[in-house]
Amino acid sequence: MSSEYKQIIRKTFPFDLLTDEQFERMMKETTRTSFQENEFLFQEEEEEVEVFFLLKGLAKNVLHREDGQHVSVRFYYPGDLIGLMILLAGGRMNFSVQALENCETIRFKRTVFLELMSENEAFSEVVLSGIGDRMKSLYDEIKKERSAGDRENIGIFRTRVQNIMDRAEMIPESFTVKQAAARITKRKVPGLVITDRGGLLQGVITQQQVIQALLDDGPDALVSVWMDDRPQTIQENAFGYEVLTFFKDDYIDLVPVMRGEYVAGILVAESFLQLQDSKYLHLSYRLQHADSIKEISAVAPKHHPDFHAFTEALLNERTQASEVCEFISSYNDQIHRRVIQLALRAMRREGRGAPPVNYCFIVMGSQGRKEQAFSTDQDNGLILDNYRHLSNWREVENYFHLFAAKVNEGLAEAGFPECTGGIMARERKWCRGLDEWKEEVFRWVRESDSEEIRNFTIFIDYRPVFGDFTLAETLRDAVTERIQKGRLLHALLMKDTLRFRVPVNPFGRMVIRGPGKTIDLKKDALMQIVNGVRIFAIRYGIKDPGTTARLKKLEELEVFHPRDVKNARLAMDVLHEHRIRQNLKDLRAGAGLTNRIAPLELEKDERRQLKEALIVAKRLQQMSELSFQKNRGI
């Protein structure tokens, strides 16, 4: 054993709690052991398992399920202790540990380790309460859940990041790795978040990075040199499943949770130890690592039966249909991001370089509201940082028009048809500088016609998905008040929403016409709720593009009665569920996607629920019309 490694172990928590005599006695009985990639440190059938301290490399814990499937539930990094759970549980755990890459370990004698725990109360308390009890309870819960069968763990797909995140321990860039190690030891955290003086995220540094820095550069090295300056991040209102693959497949140890541009907390791998294997997560992993549009298309929602099955499972588990739409929309966001990344790579490969100015790719319409089903086309655009003052502004425009064309073409190949109305980023009208966007929105407020008002209704539900999100936020802040005061705009919005009447007569009966006896769920019902809520949201300066969020804010402002908000949400869930199930039926039949259903073919209870949803949509349309007539003064 080299003295260097010995010194590192001596300073590593919890070994720094041992006396010098105890530490020397422990080290006397240790052996240095190497394991090659895919070699097992120990197997489940071994009766006597020692405790390992991982010096180098990466290993994983492999749980052996009763159905014969092996599932990874934990990863080990340099500085981790391996085998503690088995040691403390008396061998009543059935899992193995396998090296994912070449590993160097220190193997402690289990009898000596237990002896030291009996002698040193502080050391024992850390091992038992800080590591052992927590890991054992989580493991028992995993085992119990997984013995139930192969059903998807639907709960994790309903859980928001903000409900499971931990507190972030933040340090400045000026910290040394010695100071970082001290903070990690004192706070008992897996890593630290590094911020600048303004509190903005600069990077993260984990336990293993600190250990490696101490080994290679010594205690006085700066964390800014060793930190990961491009960490994966997640917004606090995202669903837990959106970040799971980072831990499960990419072996990331710590992910900062963001509230806008600022750090709100962190997620660590242990937060997800109850995770079941999920076909959806495998699709998500394949998507995030796709290197071609063909690979993206293969895992797109329309094309993969596993995605269809998982979506149906969400509905069957009584997940709210609005949340299922948000789930589909979030997955489509991932597709957009991957297509954009491939387009950027292609631009560099062609010698066109990186984007010359900051930009933000936005999605609009149903994707902007996160209300998508399987039947959807492209509605997107680009907000560019102001560039017209530059001498090469034409080159800037050309770059983004070429880039946007690649993105639109890629999305079309991946299963998102091009917008028949031309609302796509490659079109000059939908690719503008920030100030140009402001002027265009102000023009819409002043002088829109009936055709342009439809473009406005799609645009105003925009949401950023890639690039500099502050550009989208700045634009929203700049135009909200002007839109709020645009009476002519409000009149045109009201006229547009009345183009389609809800198919319910004054006696509350559904009006079903045509040879197929069908109704269009989107045009005849859903859009009446969406449009009605949007009109009120614009009037009261609500910035959120989602219908559910707008309803919540209107209730808080006492514009809508809580009963009306509840009814609108229930109606949307009913309509969204019918739409998604019809899409799934079409996909499995190999037919073209449609939003039309035949009410007479539904079960009696389903038909009653559909009728009630249509009545709510009609009521909201009437509320919007009456409110406009009362308040207009044009």
Side-chain angles (χ1 to χ4, degrees), residues 260 360-371 379-384 386 421 423 425 429-465 469-499 527-560 568 620-621 623-634:
C360 182
F361 192 93
I362 57 174
V363 292
M364 299 175 271
S366 60
Q367 188 173 356
R369 297 190 304 273
K370 287 196 171 185
E371 296 169 9
D379 290 314
N380 50 59
L382 275 169
I383 304 173
L384 311 182
N386 293 322
I423 304 177
K429 184 173 182 177
W430 301 100
C431 177
R432 300 173 181 267
L434 179 61
D435 286 347
E436 289 180 282
W437 269 115
K438 292 177 186 177
E439 287 302 316
E440 179 66 4
V441 175
F442 296 158
R443 189 187 65 79
W444 275 332
V445 173
R446 293 191 310 269
E447 55 189 59
S448 283
D449 57 27
S450 58
E451 181 62 34
E452 287 191 316
I453 203 66
R454 291 166 201 166
N455 290 342
F456 174 83
T457 60
I458 294 172
F459 163 79
I460 201 60
D461 294 343
Y462 77 82
R463 180 172 54 82
V465 294
F469 281 31
T470 59
L471 290 171
E473 294 162 4
T474 300
L475 178 60
R476 180 81 68 184
D477 290 340
V479 303
T480 297
E481 185 177 355
R482 187 76 66 92
I483 293 171
Q484 187 179 358
K485 296 177 179 178
R487 290 189 171 187
L488 174 61
L489 178 70
H490 298 176
L492 291 171
L493 288 171
M494 192 68 253
K495 181 179 178 182
D496 184 68
T497 198
L498 294 176
R499 286 187 303 134
M527 291 313 300
Q528 309 318 311
I529 298 176
V530 170
N531 290 342
V533 172
R534 183 194 294 115
I535 289 172
F536 280 98
I538 287 173
R539 184 179 299 167
Y540 288 92
I542 296 170
K543 297 178 181 179
D544 199 297
T547 305
T548 300
R550 286 168 170 169
L551 281 166
K552 181 180 178 181
K553 190 64 178 178
L554 289 167
E555 181 181 356
E556 292 173 357
L557 294 172
E558 298 184 352
V559 177
F560 279 12
L620 188 53
Q621 190 180 54
M623 283 172 56
S624 303
E625 187 174 11
L626 290 171
S627 177
F628 171 74
Q629 291 175 351
K630 179 181 177 182
N631 291 283
R632 70 180 178 179
I634 301 172

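Each residue takes its place number in the sequence, starting with 1. No hydrogens, no waters, no symmetry mates; every other heavy atom, side chains included, goes into these values.
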Please say whether more than 12 non-hydrogen atoms of neighbouring residues, nucleotides or ligands are located less than 6.0 Å from [atom1] in [X].
X: Lys438; atom1: NZ; value: yes
X: Arg482; atom1: CZ; value: no
X: Glu481; atom1: CD; value: no
X: Lys429; atom1: NZ; value: yes

Can you check whether [X] reaches [Y] side chain to side chain, under 4.5 Å on heavy atoms?
X: Cys431; Y: Leu384; answer: yes
X: Asn531; Y: Val533; answer: no
X: Ile453; Y: Leu493; answer: yes
X: Asn380; Y: Ile362; answer: no
X: Val363; Y: Tyr462; answer: no
X: Arg534; Y: Arg550; answer: yes
X: Lys543; Y: Glu473; answer: no
X: Glu440; Y: Phe459; answer: no

Begin from the C-alpha positions of Val479 and Trp444 and carry the test side chain to side chain contact (heavy atoms under 4.5 Å, CB included) through to its verdict. CA-CA 11 Å; Val479 303; Trp444 275 332; over 6 Å; no
CA sep, side-chain torsions, deciding dist, call: Arg454, Asp496, side chain to side chain contact (heavy atoms under 4.5 Å, CB included): CA-CA 7 Å; Arg454 291 166 201 166; Asp496 184 68; 3.3 Å; yes
Interatomic distance, Glu439 atom CD to Leu434 atom CG [nearest 0.5 angstrom]: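 Nearest 0.5 Å value for the CD-CG distance: 11.0 Å.
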From Ile529 atom CD1 to Met527 atom CE, the distance as rounded to the nearest 0.5 Å: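 It comes to 10.5 Å.
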Between Trp437 and Trp430, how do the two ring planes meet: parallel, tilted or perpendicular, split at 30° and 60°?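 Trp437 vs Trp430 ring planes: tilted.
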Please work out whether the ring planes of Tyr540 and Phe536 are parallel, tilted or perpendicular, with thresholds of 30° and 60°.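 Rings of Tyr540 and Phe536: parallel, as their planes differ by under 30°.
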After noting the C-alpha distance and the side-chain angles of Glu371 and Thr547, does the key distance pass the side chain to side chain donor-acceptor pair (under 3.5 Å) rule? CA-CA 8 Å; Glu371 296 169 9; Thr547 305; 2.6 Å; yes
Take Arg369 and Met364, measure what side chain to side chain contact (heavy atoms under 4.5 Å, CB included) needs, and give me the verdict at the end. CA-CA 7 Å; Arg369 297 190 304 273; Met364 299 175 271; over 6 Å; no
Which pair of non-hydrogen atoms, one from [X] and one from [Y], has the smallest distance, and what is that distance?
X: Ile383; Y: Ala472; value: CD1-CA, 3.9 Å
X: Asn386; Y: Gly433; value: OD1-C, 4.1 Å
X: Ala568; Y: Leu551; value: CB-CD1, 3.9 Å
X: Pro545; Y: Asp461; value: CB-O, 3.6 Å
X: Ile483; Y: Ile460; value: CD1-CD1, 3.5 Å
X: His490; Y: Arg539; value: CE1-CA, 4.4 Å

Criterion salt bridge (Lys or Arg N to Asp or Glu O under 4.0 Å) on Glu555 and Lys552, from CA distance to verdict: CA-CA 5 Å; Glu555 181 181 356; Lys552 181 180 178 181; over 6 Å; no
For the side chain of [X] and the backbone of [Y], is there at least one donor-acceptor N/O pair under 3.5 Å apart?
X: Asp379; Y: Ile458; result: no
X: Gln621; Y: Thr497; result: yes
X: Glu556; Y: Lys553; result: no

Verify side chain to side chain contact (heavy atoms under 4.5 Å, CB included) between Thr474 and Arg476, making sure each step is shown before the conclusion. CA-CA 5 Å; Thr474 300; Arg476 180 81 68 184; over 6 Å; no
